[in-house]
Every structure is written in structure tokens, then in C-alpha cells.
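Please read the structure below before turning to the comments.
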Number of protein chains: 2
Amino acid sequence: MNRTHTRVTLDDVARRAGVSLATASRVINQSAGVSEDKVERVWTAINALNYVPHTAAQVLAANETHTLGLLLPAVSGGFFVSMLAGIQQGLSESGYDLLIYSSQPAAPAQRNDDPRRRLRRPLDQHNTDGLLVFADSLEDDELRRIYGNGFPMVLLHRSPPAGAEIPTVTFENKSGARQVVDHLVDVHGCQRIAYLAGPEGHEDSYWRQRGYRESLQAHGIPFDPLLVAAGEFDREAAARAVAEMLARETAFDAIFAGDDESAMGALDALAHAGKRVPQEVAVAGFDDVDVSRHLRPPLTTVRAPIEKAGLQAVRQLVQLIRGGQAEPLTLLPTTLVIRRSCGCNGAGHELAGDLERRAL
Amino acid sequence: MNRTHTRVTLDDVARRAGVSLATASRVINQSAGVSEDKVERVWTAINALNYVPHTAAQVLAANETHTLGLLLPAVSGGFFVSMLAGIQQGLSESGYDLLIYSSQPAAPAQRNDDPRRRLRRPLDQHNTDGLLVFADSLEDDELRRIYGNGFPMVLLHRSPPAGAEIPTVTFENKSGARQVVDHLVDVHGCQRIAYLAGPEGHEDSYWRQRGYRESLQAHGIPFDPLLVAAGEFDREAAARAVAEMLARETAFDAIFAGDDESAMGALDALAHAGKRVPQEVAVAGFDDVDVSRHLRPPLTTVRAPIEKAGLQAVRQLVQLIRGGQAEPLTLLPTTLVIRRSCGCNGAGHELAGDLERRAL
DNA sequence: ATCATGCTTGAAAGCGCTTTCAGAAAGCGC
DNA sequence: GCGCTTTCTGAAAGCGCTTTCAAGCATGAT
């Protein structure tokens with residue numbers, strides 16, 4: 001249990017290999033020509049000693065962390081799994097590690113409660129080579145400050161604050177939303193469609209709502225603010241919101257949920273209230289999360305390439321880090337996925353959906 | 001965009017505050033008495049300069065990373081979301097950061113293809129204060145080596161290799177499995193129950209299978225190897241496995257899936273084959289993942305406190321890091337959750353389930 | 001042979017921080 | 001007021017690594 005047991009350093013490796021520290025370092029980093037016999041000797045020593053480089057020392061000396069930071073509000077729902085899977089893929093492509101900063105409301109008692117005596121979180125510059133910022137997990141000010149330092153950063157599902165030209169990757173939210181709502185109206189004749197909005201300030205939700213209103217307008221359906229409720233992209237919040245609408249007897253014949261998570265909540269609330277889906281109320285979601293086709297009834301939704309978004313974000317960020325240019329805006333296409341919750345008989349589509357899903 | 005723009009160091013802070021580097025460091029770490037006026041001056045300087053400590057330097061000097069490593073095979077499914085949520089909670093309690101190592105099969109072309117010339121991944125000692133190892137994401141040898149160094153480690157859902165007494169946290173898999181299978185037999189009279197096993201070597205699956213066989217034996221039902229298929233804890237693999245059983249006309253009246261993910265696959269395959277659940281085949285899962293109650297039909301399963309497992313694992317690890325003792329084995333209780341896929345009319349239970357879920 | 005040319009190599013200077021060490025200042029009893 | 005302990009404080013020594021710099025040494029050209 002003696003942790004302080006002599007740790008193996010590059011120095012040890014060099015000595016055992018009979019070369020200098022510098023040469024050993026060069027072998028590891030393949031950073032300069034080293035004669036083949038020395039290369040051999042160094043690797044032999046490394047294996048014999050079980051040498052593992054000390055990352056912090058490498059970072060300090062070389063000023064590169066080989067780590068990307070991911071800022072999240074909190075981990076939850078199927079969305080994150082997919083996003084993380086995509087991000088992981090990007091990481092393994094490029095050889096970076098992932099440091100997750102969850103901006104979750106921290107522990108009960110902060111060590112130091114005086115805000116004037118708190119250190120800024122060491123996100124940038126010193127501790128990662130670049131940052132992936134999800135939605136509103138970082139305030140505009142911080143974003144600007146970090147951008148101002150010329151630090152590589154890519155935004156996921158949010159646009160940059162004014163003045164900061166930070167690359168963004170997100171979905172074609174508006175047109176996707178437009179499509180589902182069009183479908184609800186055109187095919188199923190819905191007229192009173194409720195919208196379950198996401199969290200305040202969440203841009204995906206904003207654009208989806210825009211698409212929703214655009215569709216209403218195109219069909220000459222008046223917009224009724226009473227039909228917009230706070231789904232919060234959260235199952236329980238959405239369930240509460242729908243229950244409330246039901247309670248106050250706001251009439252509606254369809255619910256367009258801002259995401260699949262809130263669609264599940266809606267399905268729940270409707271079931272509890274004894275409303276049949278889709279006979280009495282049609283339901284549609286957004287994202288086409290992993291489980292949506294397994295829901296009761298299978299959810300009509302908009303497929304958003306979540307994994308791809310994660311992957312693209314990493315790629316863009318890596319490009320930026322390596323000194324290249326990144327796409328200012330990556331807009332990934334969304335596609336309508338018809339299943340049964342809207343009233344269609346979605347059988348058959350599901351398989352096709354599966355095949356599509358495979359092709360990242 | 002000049003990245004090399006003079007970075008703010010502690011030195012700058014110290015100079016501006018009119019104190020020595022050492023004093024400034026002491027203020028930040030509250031590591032020794034410093035007169036109140038200097039403390040004040042240092043913080044003022046820090047805020048004025050927007051100082052952010054350089055983590056690598058701190059790590060190098062203090063030999064503490066304030067980071068926990070999490071080793072995963074790959075991110076997927078509802079299980080991980082819950083586990084990550086629990087881990088995050090533990091992290092924010094204790095102030096550690098999280099570095100995720102996904103042992104995902106790496107990128108196409110490895111830089112260096114000679115295994116003798118590859119560095120060990122810098123997991124331990126130098127780069128994290130402790131390691132959370134999930135299931136079989138690390139080989140026994142590595143585990144032993146790291147343990148041998150006295151490095152803090154906690155295992156999730158796997159037991160330590162012989163000789164290494166590494167704390168483990170996992171579920172009461174066997175008794176949970178025993179309970180569902182008992183239910184299937186006792187209440188629904190099932191006699192030919194298939195088991196969808198998890199990945200080879202996954203201990204959760206091993207114990208669940210043990211529970212399954214124990215129940216069969218207790219009921220005098222002969223064990224039929226033909227009824228055990230490779231569900232792999234994966235939706236698609238499970239669907240294939242079930243389709244195969246169907247194809248080769250192995251008779252069964254129930255499926256006990258090793259986890260909810262494979263239960264979904266089973267549900268899928270069954271639906272495709274036109275088999276009605278639960279009328280023709282009863283289905284039960286394990287885990288009670290977030291979405292299980294939303295499935296078609298709602299899934300009878302065993303609730304496993306996944307979040308709690310993540311949280312506990314972090315707590316144990318932190319205890320270990322701080323020099324304390326950890327529980328050698330944390331076995332979290334599982335409970336049967338009756339819904340409809342087994343043939344019960346599970347209405348009403350769901351709400352209770354929800355309430356339970358809240359109480360972590 | 002002689003000199004420029006290109007490779008390989010080691011010594012040494014940091015990277016930004018923590019911490020030991022010892023001196024300075026301050027408080028105390030007498 | 002004089003030693004003594006108790007706080008504070010700053011100088012300096014690293015932590016383990018990368019990288020510059022200049023030297024060493026072949027090589028081919030002259």
C-alpha cells in the first residue's frame with residue numbers, strides 16, 4: 001500500500017537504456033531521428049520497467065493536454081447516451097481523452113461561500129486543448145472570455161453569443177418541426193396542437209417552436225398561447241404540464257412534444273387521464289431517441305442524428321485545435337419518422353428506420 | 001487568436017498583490033495561516049487578472065489530480081445514463097472531476113502497430129487519484145498490477161481477480177433473478193422459460209443466470225440449455241437471438257432477459273414474429289431502466305438501483321483515496337417490479353414505482 | 001586529405017505550481 | 001525589557017517531462 005513507492009520516471013528508463021533523458025523522450029514522441037538500436041533499447045527498458053508517462057508533466061512541459069472538455073448541464077435521458085457515443089467515436093478517431101464537466105448544481109455546502117473568493121473553474125487554456133459546450137451549460141460572458149483568449153471551442157445545440165464566432169453544430173430543427181406539424185395537420189386533420197417547449201433559452205426548442213408556428217400559419221391555424229406548455233425536455237415536467245392542460249380543460253387534439261423525452265411524459269399523462277393515443281390525442285416528438293420506436297404507441301417523431309452531431313462536434317474541434325478552420329455552422333438534416341402515435345399505422349417503417357439508424 | 005498571449009500565472013498574481021509566490025499559493029489552498037490583509041490582496045489580484053490555476057502544474061507539484069478515472073467498454077443504453085448520473089452526484093459531493101476512458105475498439109489505423117512499442121494507457125498513478133472500473137473493461141492482469149501498486153480502485157459490476165482485494169459494488173443479482181423467475185412460474189405457470197444471457201464473462205449476467213437456474217430447480221423444472229441464448233445486453237443481438245430460437249422452433253412460454261435492453265430486443269423480435277406478449281410469451285427484464293415502464297407492454301422487471309451503484313462506487317473510492325477503508329463488497333438490493341409484460345395487469349404499480357425511483 | 005552538410009545526441013533550461021526551510025515579526029511570561 | 005515560543009513570510013528546491021542549443025560524428029563533395 002505504499003503509494004510513494006519509487007515511481008518509474010523517464011529518467012529511470014533512460015538510465016536503464018543507457019541513453020539520455022532527451023533521447024528517451026524523443027523515442028516516446030517520435031519527435032526526432034533516433035538511431036534504431038537506441039530506439040530498441042529504450043522500448044525494452046520501457047517494457048521492463050512498466051513505465052507510464054506522467055501526463056501532468058507532459059502537459060506542463062509540452063503545453064498540450066490531449067484532452068477535450070465537455071460541458072454539460074446534467075446527464076440524463078437517451079439523448080446524452082447517443083451524443084456521448086458520437087463523441088466517443090470522434091475521440092477514438094483523434095486520440096483525445098474526455099474530461100466531463102457537469103455544471104450540475106454542486107454539493108450542499110461549498111467549501112468557500114464567498115463568491116469573491118472562488119476560483120474560476122479551470123476549464124480552458126491550461127487543462128484541455130479545446131471545449132465542447134452543450135446548450136446553455138456556460139454563460140455568454142464566460143463563452144466570450146474564453147473565445148477572446150482564442151481558445152478552441154465548439155458549441156453544441158446553441159448559437160454563439162453576439163460577437164463571438166464560435167463554430168456550432170446542431171440540427172435542422174425548424175424544418176423538422178415544420179414537417180411533423182404539417183403531417184399532423186395535413187394527414188390527421190389536427191387543428192388544436194399543443195407544443196411542449198423545452199427549457200427556457202434552449203435553442204433547439206426555440207427553433208422547433210418556430211417550425212411549429214410556421215406550420216400553423218401556413219395552414220391558417222391561429223396560434224393559441226394556451227397551447228404552449230413547459231415540457232422542459234423532461235419526462236416528469238412534461239407529464240405535469242399535460243396533466244395541467246387537461247385539468248384546466250384546454251382543448252387539444254394533438255401534442256407536439258419538443259423532444260422525445262417530453263413526449264414520453266405526455267404519453268404518460270394522457271394514459272393516466274384515460275385519453276387514448278392516437279384516437280383522442282395524436283402525439284409526436286423530436287429526436288427519435290433509441291427507445292421511441294418501442295413506446296406505447298410507437299412514437300411518431302423527427303429523427304435527429306444525435307450521434308453524428310457529437311462526432312461532428314469533435315471533428316470540428318480537433319480541426320480547430322490543429323490550427324485549421326472549422327465550419328461556422330454545421331446543420332444536420334432531420335427526417336420525419338412516421339410511427340403510430342400520430343394515428344398512422346406505422347408498421348413496416350420501423351424496420352426501415354433501423355436500417356437507416358445503422359448508417360451513421 | 002494569439003494563443004501564446006501571456007498567460008496569467010500565480011507569479012503575476014503574487015506580484016500584483018505584493019506578496020511572494022509562496023504566499024499566493026497558500027491563499028489559494030488555504031494551506032497555512034496568512035494574514036487577513038494579504039489574503040484580501042491576493043484575492044483582489046486573482047479577480048482582477050482573471051487568474052485560473054494551471055491544473056497540470058498543480059498536479060505535478062502536489063501529486064494530486066482531483067480526478068477520478070472511469071473505465072468503460074462503450075457508452076450505450078439507458079443503463080449508462082443512470083450510472084453516470086449517480087457518478088456525477090458522487091463527484092459533485094466530493095469535488096472530483098471525471099476522466100472517461102472508453103476502451104472502445106480504437107480508430108482504424110493505430111499510430112503504432114507494434115504492441116511492443118506501445119505505451120500503457122496512463123490510467124493510474126500519475127493521472128487520476130483513483131479508478132472506477134466497470135465490468136470487464138480492464139483485464140485481470142492490469143487490475144492486479146494497478147492494485148499491486150496500491151492504487152485506489154473500485155470495481156463496478158464485477159468481482160476482483162483472485163488475490164486482489166478490490167472493493168466492489170454491484171447488485172443483488174441472484175435473488176432478483178430468482179424473484180422474477182419465481183413469479184413467472186408461480187403466478188403465470190410458465191414452464192419453458194428462456195434466458196437471454198449477457199456478454200460472456202459479465203458477472204451481473206452470471207449471477208442472474210444462477211438465480212434463474214435456482215428458481216427452475218426449486219420448482220422442479222429441468223434446465224434446458226437450448227433455452228439459453230446470447231442476448232449480449234444488447235437490443236439487436238437479443239432480437240436476433242430470439243428470432244433464431246423462434247426459427248428453430250424451440251418452444252418457450254416466457255423469456256427472462258438478462259437486462260432491459262435485451263428485453264426490448266426480445267419484445268421486438270416477438271412482435272415481428274407476430275407473437276403476442278404476454279398472451280403467448282411472457283417477458284421479463286432486469287434493471288428497470290428509465291424507459292421500461294413505457295414499453296409495449298410495460299415491462300415486468302427487476303429494479304436495480306443503478307444510480308445508487310454509481311454514487312456508492314464514487315463514495316467508496318473517495319474514502320479509499322482519503323486513506324480510509326472501503327467496504328469490500330457493496331451489494332445493493334433489487335426489487336421485483338410487476339408490470340404487464342409478464343401477464344399481470346400492472347396498472348397502478350407504475351406510479352408507486354415512480355415515487356420509489358425518486359428516493360435515491 | 002579538407003571542409004561543409006546533415007544526423008544523432010546530451011546538457012540544461014524551463015513549464016507553473018507546492019512545499020520545505022529558515023528567517024523575520026509578533027506575542028508572551030517574567 | 002529579555003529570552004522564548006508561535007505566526008507569518010519569502011527564497012529556493014523540486015515535481016517529470018519537452019525542447020532548444022550546441023557539440024559530436026559521419027558522410028560526401030572538393
Side-chain angles (χ1 to χ4, degrees), chain A residues 3-42 45-46 49-67 119-120 122 124-129, chain B residues 3-42 45-46 49-67 119-120 122 124-129:
Chain A
R3 282 253 262 144
T4 47
H5 193 68
T6 45
R7 56 174 19 103
V8 181
T9 72
L10 231 209
D11 217 17
D12 300 327
V13 171
R15 203 164 317 123
R16 186 180 231 263
V19 302
S20 76
L21 222 199
T23 300
S25 169
R26 283 190 272 254
V27 169
I28 285 184
N29 301 303
Q30 303 172 38
S31 54
V34 174
S35 65
E36 183 55 30
D37 68 316
K38 297 206 171 176
V39 170
E40 187 60 38
R41 296 217 309 272
V42 170
I46 286 176
L49 296 174
N50 246 325
Y51 169 72
V52 180
H54 190 311
T55 312
Q58 291 181 307
V59 168
L60 188 56
N63 204 28
E64 274 185 35
T65 66
H66 287 292
T67 299
L119 283 170
R120 192 180 305 285
D124 57 321
Q125 221 69 308
H126 308 313
N127 306 291
T128 54
D129 291 350
Chain B
R3 282 252 263 143
T4 48
H5 193 67
T6 44
R7 57 174 19 103
V8 181
T9 72
L10 231 207
D11 218 16
D12 301 325
V13 171
R15 203 165 317 122
R16 185 181 234 261
V19 302
S20 74
L21 222 198
T23 300
S25 168
R26 283 190 272 252
V27 169
I28 285 182
N29 301 302
Q30 303 173 38
S31 54
V34 174
S35 63
E36 183 55 28
D37 68 316
K38 297 207 172 178
V39 170
E40 186 60 37
R41 297 218 309 271
V42 170
I46 285 175
L49 296 174
N50 245 328
Y51 169 72
V52 180
H54 190 311
T55 311
Q58 291 181 306
V59 169
L60 188 57
N63 202 27
E64 276 186 30
T65 65
H66 287 292
T67 299
L119 283 171
R120 192 180 303 287
D124 56 323
Q125 222 69 309
H126 307 312
N127 307 291
T128 55
D129 290 351

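Chain identifiers are assigned alphabetically (A, B, ...) following the order of the sequence lines, protein sequences preceding nucleic acid strands; residue numbering begins at 1 within each chain.
- Under a 3.5 Å cut-off, the side chain of A/Asp129 and the backbone N or O of A/His66 do form a donor-acceptor pair.
- Distance B/Asp11 CG to D/dG10 P: 13 Å, rounded to the nearest Å.
- For D/dG16, neither phosphate oxygen OP1 nor OP2 lies less than 4.0 angstrom from any side-chain nitrogen or oxygen of A/Thr9.
- Distance check: A/Gln58 CD to A/Ile28 CD1 gives 7.0 Å after rounding to the nearest 0.5 Å.
- Scanning all heavy atoms of the two residues, the minimum distance from A/Val27 to A/Val39 falls at CG2-CA, 4.1 Å.
- Here B/Arg26 contributes atom CZ and B/Lys38 contributes atom NZ; the two are 10.0 Å apart, rounded to the nearest 0.5 Å.
- In this structure, B/Gln58 atom CD and C/dC15 atom P are separated by 17 Å, rounded to whole Å.
- The residues A/Asp12 and A/Arg16 are annotated as not salt-bridged, no charged nitrogen and carboxylate oxygen being separated by less than 4.0 angstrom.
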| query | Pairs counted as Watson-Crick or G-U wobble with both distances under 3.5 Å: what dot-bracket string results for DNA chain C, using | for bases tied to another strand? | reply | ||||||||||||||||||||||||||||||
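- For the pair A/Asp37 CG and C/dT8 C1', the computed distance is 11 Å after rounding to whole Å.
- In this structure, B/Ala57 and B/Ser35 both approach DNA chain D, and ranking their closest nucleotides by distance from the 5' end singles out B/Ser35.
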| query | Going through the distances and angles, do A/Val13 and A/Thr9 end up as a side chain to side chain contact (heavy atoms under 4.5 Å, CB included)? | reply | CA-CA 7 Å; A/Val13 171; A/Thr9 72; over 6 Å; no
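- Scanning all heavy atoms of the two residues, the minimum distance from B/Ala45 to B/Ala17 falls at CB-CB, 4.1 Å.
- Distance OH (B/Tyr51) to P (C/dG16): 10 Å, rounded to an integer number of Å.
- Nucleotide D/dG14 holds its P atom 20 Å from the CG atom of B/Leu10, rounded to whole Å.
- Checking side-chain atoms of A/Ser25 against main-chain N and O of A/Thr23 turns up no donor-acceptor pair under 3.5 Å.
- We find that CD of A/Gln30 is positioned 18 Å from C1' of C/dC7, with the value rounded to whole Å.
- Rounding to whole angstrom units, CZ of residue B/Arg7 and P of C/dC15 are separated by 10 Å.
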For nucleotides 19-28 of chain D, which of its nitrogen or oxygen atoms have a protein nitrogen or oxygen under 3.5 Å away, and what is each distance?
none

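- For B/Lys38 and D/dT9, the shortest distance from a side-chain N or O to OP1 or OP2 is below 4.0 Å.
- We find that CG of A/Leu60 is positioned 4 Å from C1' of C/dC15, with the value rounded to whole Å.
- A/Ser35 and A/Asp37 form a side-chain donor-acceptor contact under 3.5 Å, judged by distance and modelled atom types alone.
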